Each structure stands twice: as C-alpha cells, then as structure tokens.
Engineer: 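One structure, pasted below without further comment.
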Amino acid sequence: MQKAILNLFPFIFYLLWNEEGKLIKLSFNFSFDLEPKILQIGSIKAKKWVEEFYEAFLAYWNFEKDRVEIPHLENFTEFEKRVLKELSQLKIGEVITYKILAERIGYPKAHRAIGRVMAKNPLPLVYPCHRVIGSKGLTGYSQGLILKQFLLYREIKYGF
DNA sequence: GGTCAGATATAGC
DNA sequence: GCTATATCTGACC
C-alpha cells in the first residue's frame with residue numbers, strides 16, 4: 001500500500017495505491033495553495049503513480065477527458081459494475097438523476113440502491129458520481145456538497 | 001438467513 | 001412543506 005498527499009490547485013488529493021500501482025482510494029478537498037506539490041509520498045515507486053495521476057487530473061481539468069482516467073482496482077459486485085459503467089459514459093456537464101440511471105441499467109426501481117453505490121464509491125472523479133443528482137436537485141456527495149456544486153458548476157459553465 | 005440503513009421517489013395530506 | 005411507504009442492494013449480525 002502506497003499513499004500520497006498531493007496539492008493541485010484548487011484541490012488537495014489523498015491517494016492510496018496497491019503494490020501494482022492501482023488506485024484504491026481517492027478523496028479530495030479544496031486547497032488554496034497555488035503551487036502544485038507533493039506533500040507526502042510513500043516511496044520512489046509511488047512518485048511515478050503521482051505523476052500519472054497528475055496527468056490524468058489535468059486532462060480532466062482541461063476538459064480533454066470526461067473523467068480522471070487512471071488504472072484502478074475493480075473489486076465491485078455486478079450491480080455496482082453496471083452502475084459505474086453507466087456513470088463512466090456520462091460526458092462533461094451531463095447530469096442524470098438516480099431514477100434515470102436506475103432505468104438505464106435495467107433496474108428501474110433500484111434508485112435507492114444506486115444511492116448506496118454512489119455513497120460508497122471510493123473513486124470520485126474516476127467515476128464521476130457528482131453528475132448524479134436527486135430528482136429535486138442536488139443531494140449528497142461524499143466529499144461534501146459544496147464540492148459537488150463546484151464541480152458541476154465548472155463543467156456546465158465552461159466544459160462545453 | 002434476517003435485519004437494517006441509505007447521496008431516493010412518490011403519493012397523500 | 002412534511003410524513004409514510006414502496007423498493008433494492010449490500011453490510012452486518
């Protein structure tokens with residue numbers, strides 16, 4: 001297990017990899033430090049993965065990719081895989097509700113179960129769960145609702 | 001196996 | 001607006 005803390009304006013990332021360099025967990029918060037830097041790193045080996053993440057994040061941030069594309073561990077159940085696969089197909093700024101997502105994967109009544117998958121999603125940005133909202137508007141986000149709001153605002157306003 | 005908690009949706013008030 | 005309830009999965013006992 002290798003971990004790294006990476007400052008990449010406007011976020012600070014907390015990353016966890018396994019020995020093969022597959023991302024296991026990703027979380028982030030706002031950072032107002034403009035200078036990109038590694039605050040903590042597990043090993044030299046992890047440095048390579050940090051750089052890989054850096055590139056993938058920039059590609060997403062510059063709207064070149066729909067999400068952060070990076071090798072990661074996929075130990076999900078069949079249901080979770082269906083949900084996450086559908087999620088990966090969303091474009092920048094494309095917003096969907098839990099209900100519509102449920103219908104798309106063929107479980108029209110499983111909207112609540114999808115909420116659970118989102119809440120448990122260890123890899124936000126890799127699986128862009130911020131694009132899933134409730135039928136009455138923004139609902140929860142594991143990284144904090146303000147971050148969900150910010151990510152969506154940015155994508156919708158500048159991402160097209 | 002049973003129970004229970006959700007980042008829900010919907011109806012009925 | 002609020003409350004109850006329908007509905008499904010996964011975690012936990």
Side-chain angles (χ1 to χ4, degrees), chain A residues 1-32 49 53-54 56-160:
Chain A
M1 204 91 85
Q2 298 283 348
K3 71 175 179 181
I5 303 175
L6 176 64
N7 187 82
L8 210 50
F9 181 80
F11 300 125
I12 180 167
F13 290 102
Y14 305 85
L15 301 153
L16 214 56
W17 288 273
N18 70 1
E19 293 306 318
E20 298 166 20
K22 292 204 169 172
L23 194 61
I24 294 167
K25 190 157 169 52
L26 160 64
S27 60
F28 58 101
N29 208 334
F30 284 120
S31 160
F32 297 100
W49 304 332
F53 175 80
Y54 185 97
F57 171 73
L58 281 188
Y60 162 73
W61 194 248
N62 296 326
F63 303 113
E64 289 156 16
K65 299 271 187 186
D66 295 325
R67 59 199 178 91
V68 176
E69 286 180 13
I70 195 164
H72 60 277
L73 206 62
E74 303 207 33
N75 52 343
F76 300 114
T77 64
E78 272 313 304
F79 179 77
E80 288 167 342
K81 276 183 198 161
R82 289 179 82 154
V83 173
L84 295 173
K85 191 182 167 209
E86 197 61 42
L87 206 53
S88 318
Q89 285 163 8
L90 295 179
K91 302 286 174 210
I92 297 252
E94 191 180 350
V95 173
I96 193 173
T97 65
Y98 292 91
K99 194 189 176 198
I100 293 171
L101 186 54
E103 285 164 359
R104 281 199 194 167
I105 62 167
Y107 292 79
K109 290 174 181 169
H111 37 79
R112 198 158 184 189
I114 290 177
R116 265 192 94 78
V117 179
M118 301 293 106
K120 226 186 71 159
N121 175 16
L123 305 170
L125 295 181
V126 177
Y127 292 110
C129 55
H130 60 277
R131 295 179 192 146
V132 187
I133 62 170
S135 58
K136 294 190 179 100
L138 274 192
T139 45
Y141 190 56
S142 56
Q143 312 295 307
L145 212 50
I146 190 79
L147 269 167
K148 184 171 185 172
Q149 202 170 3
F150 171 72
L151 288 168
L152 278 177
Y153 174 79
R154 194 189 76 94
E155 289 188 3
I156 290 167
K157 190 163 169 76
Y158 305 106
F160 290 124

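By convention in this document, chain letters (A, B, ...) are assigned in the order of the sequence lines, proteins followed by strands, and residues within each chain are numbered from 1. We use all heavy atoms of the structure for the numbers below, so side chains are in, but hydrogens, waters and symmetry mates are not. In this text the structure is predicted, and so the values were computed from the model without any measurement.
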Engineer: Does A/R154 reach the main-chain N or O of A/W61 with its side chain, forming a donor-acceptor pair under 3.5 Å?
Structural biologist: yes

Engineer: Report the residue (A/V117 or A/R112) whose heavy-atom-nearest nucleotide on DNA chain C is the more 5′ of the two.
Structural biologist: A/R112

Engineer: What's the separation between atom CD in A/E80 and atom OH in A/Y127, rounded to the nearest 0.5 Å?
Structural biologist: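 Taking CD in A/E80 and OH in A/Y127, the distance rounds to 10.5 Å.
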
Engineer: Nucleotide range of DNA chain B contacted by chain A, 5' to 3', under 4.0 Å to a heavy atom?
Structural biologist: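 Under 4.0 Å from chain A, the extent on DNA chain B is B/dA5 to B/dT10.
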
Engineer: Rounded to whole Å, please give me the gap between CD1 in A/I114 and P in C/dG10.
Structural biologist: 11 Å

Engineer: With nearest nucleotide decided by heavy atoms, which residue, A/K120 or A/K109, maps closer to the 5′ end of DNA chain C?
Structural biologist: A/K109

Engineer: Rounded to the Å, how far apart are A/L84 CG and C/dT9 P?
Structural biologist: 15 Å

Engineer: With rounding to the nearest 0.5 Å, note down the distance linking CD1 in A/I156 to CD in A/E94.
Structural biologist: 10.5 Å

Engineer: May I have the distance from A/F79 (atom CZ) to C/dA11 (atom P), rounded to whole angstrom?
Structural biologist: 12 Å

Engineer: Under 4.0 Å, counting only non-hydrogen atoms across every strand here, what does A/T139 touch: a base, just sugar-phosphate, or nothing?
Structural biologist: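 No contact.
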
Engineer: Counting N and O atoms only, with roles assigned by atom type, does the side chain of A/N18 sit under 3.5 Å from a partner on the main chain of A/E20, one being a donor and the other an acceptor?
Structural biologist: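 Here the side-chain-to-backbone pair exists.
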
Engineer: State the CG-NE2 distance between A/L147 and A/H130, to the nearest 0.5 angstrom.
Structural biologist: 10.5 Å

Engineer: Can you tell me which stems DNA chain C forms when a stem means 3 or more consecutive Watson-Crick or G-U pairs under 3.5 Å?
Structural biologist: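 Paired runs of 3+ in DNA chain C: B:1-6 with C:8-13, B:8-13 with C:1-6.
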
Engineer: Is the A/W17 to A/F53 ring centre distance short of 6.0 Å?
Structural biologist: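 A/W17 vs A/F53: aromatic centres not under 6.0 Å.
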
Engineer: Applying side chain to side chain contact (heavy atoms under 4.5 Å, CB included) to A/L84 and A/L123, what does each step give before you reach the verdict?
Structural biologist: CA-CA 10 Å; A/L84 295 173; A/L123 305 170; over 6 Å; no

Engineer: Rounded to whole Å, please give me the gap between CG in A/L101 and P in C/dT9.
Structural biologist: 14 Å

Engineer: Scan A/A110 against the nucleic acid and name what it touches under 4.0 Å (heavy atoms): base, sugar-phosphate only, or nothing.
Structural biologist: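 Touches sugar-phosphate only.
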
Engineer: Calculate, to the nearest 0.5 Å, the distance between atoms CD and OG1 belonging to A/E103 and A/T97 respectively.
Structural biologist: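 Separation between the atoms: 7.5 Å.
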
Engineer: Could you give the distance from CD1 (A/I133) to CD1 (A/I96), rounded to the nearest 0.5 Å?
Structural biologist: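 Output value for this atom pair is 10.0 Å.
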
Engineer: What's the NZ-P distance between A/K136 and C/dC2, to the nearest Å?
Structural biologist: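 These atoms are roughly 11 Å apart.
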
Engineer: Which residue lies toward the 5' end of DNA chain B, A/T97 or A/R116, if each is placed at its nearest nucleotide?
Structural biologist: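 Closest to the 5' end, via its nearest nucleotide, is A/R116.
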
Engineer: Is A/T77 touching bases, backbone alone, or none of the nucleic acid, heavy atoms closer than 4.0 Å?
Structural biologist: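 Contact class for A/T77: sugar-phosphate only.
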
